[in-house]
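Let me begin by presenting the structure, written as structure tokens, before commenting on it.
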Amino acid sequence: MSRVYTIVKGHVKTWFRSKSTIFWTLAFPILLIVLFGAIFGTGNTRFDLYVQNQDLTANAPTPSSQGYVAALNHTGAFNIQTVPAEMSNPVSYVRDDAQLHNRGQRLLVIPVGFQNNLTNRKPADIQLYMDQSDQASPSLAGVITAVTSSYAASLSNSTVSLSVQQVPIVTHNTRYIDFFIPGVIGMTLLTSGVFGAVNTNGRYRELKIIKKLATTPLSKIEWILGMVGYQMFLAAISITVILLFGRFVFGVTATIDIYTIGLVVAAALLFPGIGMVLANFVKDADGAEAAANAITFPMMFLAGTFWPTETMPTVLKVIANYLPLTYINNGLRDAMIYLEPAQALTNTIIALGLAGFFIILGSVLMSWKEE
Amino acid sequence: MNNLSKKYGDTVAVNGISFGLSKGEVFAFLGPNGAGKTTTVEILECLRAPTGGQAKVLDYDVSKRSDQSEIRKRIGVLPQDFNAIDRLTVRENIDYFGAMYDHQLDSDQLIELVDLKDKRDEQFKTLSGGLKQRVGLAVALVNDPALVFLDEPTTGLDPRARRDVWYVIERLKKQGKTVFLTTHYMDEAEYLADTVSIIDHGQIIASGTPNELIDAHGGKKTLVIREAGEDGLKFLPPGISRPQLKNEDDIYIPLNNGELTTILIAIGQTPLANKEIEVRRPTLDDVFLNLTGRRVSEEGE
């Protein structure tokens, strides 16, 4: 155990004395938070309204439904965003898109058969998805109800029954910055894990430090434990700094629960595991670093660090499902921000499974002795 | 070590070599690059498994797993091209590697031994090549090993730094440590070693003390007359063995018994008497040349 401690201490000292690694693990994430926070703003979210018009004929909205949306628009009370009709889960689309653009999460769905029902004098219901705790809710609902009644009255056939059905949703009032903070944590764990492992396994091999250690009583397992322990330390430090910064500068309140811890442990095994696999396939340390860049950068962008994966094209969404970082990012958001333990658990289990796979693969591949 | 060999596929790196070390001696394993020196050393350090033969280090069998951990506790190793950890200081590096063992020597004592007192709190990356190598030596000694392996400890160092490393090795010898040194520098082996084994193409081609090897395989002494020029050749007495002109102007004459006096008397009254005249004893370089027909090259293994 004292040998593992020595390894951890050595890595920590090295980290602490290197200005560039301190920058990448602490200053860079903070810089990103400031930049993205400034770009996407943190202002208020009132009177945004997402509308999904499902009532189509020949791929275009029916005249009645179009007239209804126009009536809403004429009030000038709403900032209307259109949700594509083919989107099968509009509520989750709205959650992600609203977060990305810092809008209020309210959705109005005009159902299939809207025009048909009106012409056939059948009752037509419009669904309004809204968080009851949202302060803008009562006035918003009032305006929509009023517009709906006057639209119904304006129709030549005044006997139609048109009503607004309110569907409560829970939104947690999350903003882009709330979404972004767990992403930055995931990104930091990814880069420090992969590059840390490439450095301590690839570079240390080139410098014959590993060869030297292999001639001492130190075992390969102790060496790997030391590296993982160092990653845990690094994760703890950068998460603390990121969360404190998010809290005091942007007022982000994040919950740290058992899933958060599970996900961080998973990340501290998973990403060094990937780094070790790279360092063993690409023997030359510079080459391994290039490979690490080639893997971490696309993963960072595609795994929902900066924007929700749901807002990406289908092909990229499919790719995102195969990226380990996706599960860390999603899990951290479920646990820290959305407070959805069931989803956090699923993501934690997947992340731990991947972590086990990669750290074992990396350890088996790593040649401690020579051929 | 008995009939040890190591093959990689069809390539034979070490081909059935045998030798032994006595306690307290400096043993030099001498050979050109790619001769199999590092492979052999790494088998003894339990870093590689031999494909044939046996080797014992301090009476422990390198092929037995349980013996390997005993060997690791008792040997000190300076790998070829070793670097310590860049951002740790000299003392921190010594303590870092020392912590891998159950017992470690006092780091101050080691720092004194390798003469790095002024640099004790400097980070490793700021040191020159020679000083770095001395840190490597201190690290190799941190567990007070009974046997020290130094793999090409002076390769790439300037002459001054090489001398400093030699000095440390001499001190180790005085302390009674057994040192296993691999080198492709003939002068290094000649200067430091009690016993030398010369390896070429994975096989040992000669063993003995430097003097024994030179006497047996070094060939004749050579008389050198510097800057004598081609004209100088005509002043030499007839009948002596093939004088040669080297380095443009220097005359080299391999000496047979009794020839030295004959030549010196003959040239006493000629312009050659004013030239720089030197009698060269053969070196291990000549031993290697005579045994293999080649000179040892300078590249790294």
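Both backbone and side-chain heavy atoms feed into the values below; hydrogens, waters and symmetry mates do not. Since we're looking at a predicted model, the values are computed, not measured. All chains are named by letter (A, B, ...) in the order of the sequence lines, taking the proteins before the strands, and each is independently numbered beginning at 1.
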*B:Thr89, part contacting chain A, at a heavy-atom distance under 4.5 Å*: both

*asked:* Which atoms of B:Val139 are under 4.5 Å from chain A, going by heavy atoms: the side chain, the backbone, both sets, or neither?
replied: both

*Quick one: of A:Ser18, A:Ala214, A:Ser2, who has the most non-hydrogen atom pairs under 4.5 Å with chain B?*
A:Ser18

*So which of A:Arg17, A:Lys13, A:Lys211 has the biggest tally of heavy-atom pairs under 4.5 Å with chain B?*
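Ranked by heavy-atom pairs under 4.5 Å with chain B, first place is A:Arg17.
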
*On the 0 to 90° scale, with breaks at 30° and 60°, tag the B:Phe97-B:Phe82 ring pair as parallel, tilted or perpendicular.*
perpendicular

*asked:* Between B:Asp86, B:Ile71, B:Asn83, who has the most heavy-atom pairs with chain A when the cutoff is under 4.5 Å?
replied: B:Asn83

*Give, as side chain, backbone, both or neither, the part of A:Phe16 having an atom under 4.5 angstrom from any heavy atom of chain B.*
neither

*So, A:Trp15 and A:Thr25: side-chain donor and acceptor under 3.5 Å apart, yes or no?*
yes

*Should the pair B:Lys177-B:Asp144 be classified as a salt bridge under the 4.0 Å nitrogen-to-oxygen rule?*
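Salt bridge present between B:Lys177 and B:Asp144.
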
*With a 4.0 Å cut-off, would you call B:Lys37 and B:Asp151 a salt bridge?*
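Looking at B:Asp151 together with B:Lys37, the answer is no, because their closest N to O distance does not fall below 4.0 Å.
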
*Between A:Pro29 and A:Val184, which heavy-atom pair has the shortest distance, and what is it?*
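So the two residues come closest at CB-CG1, 3.4 Å.
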
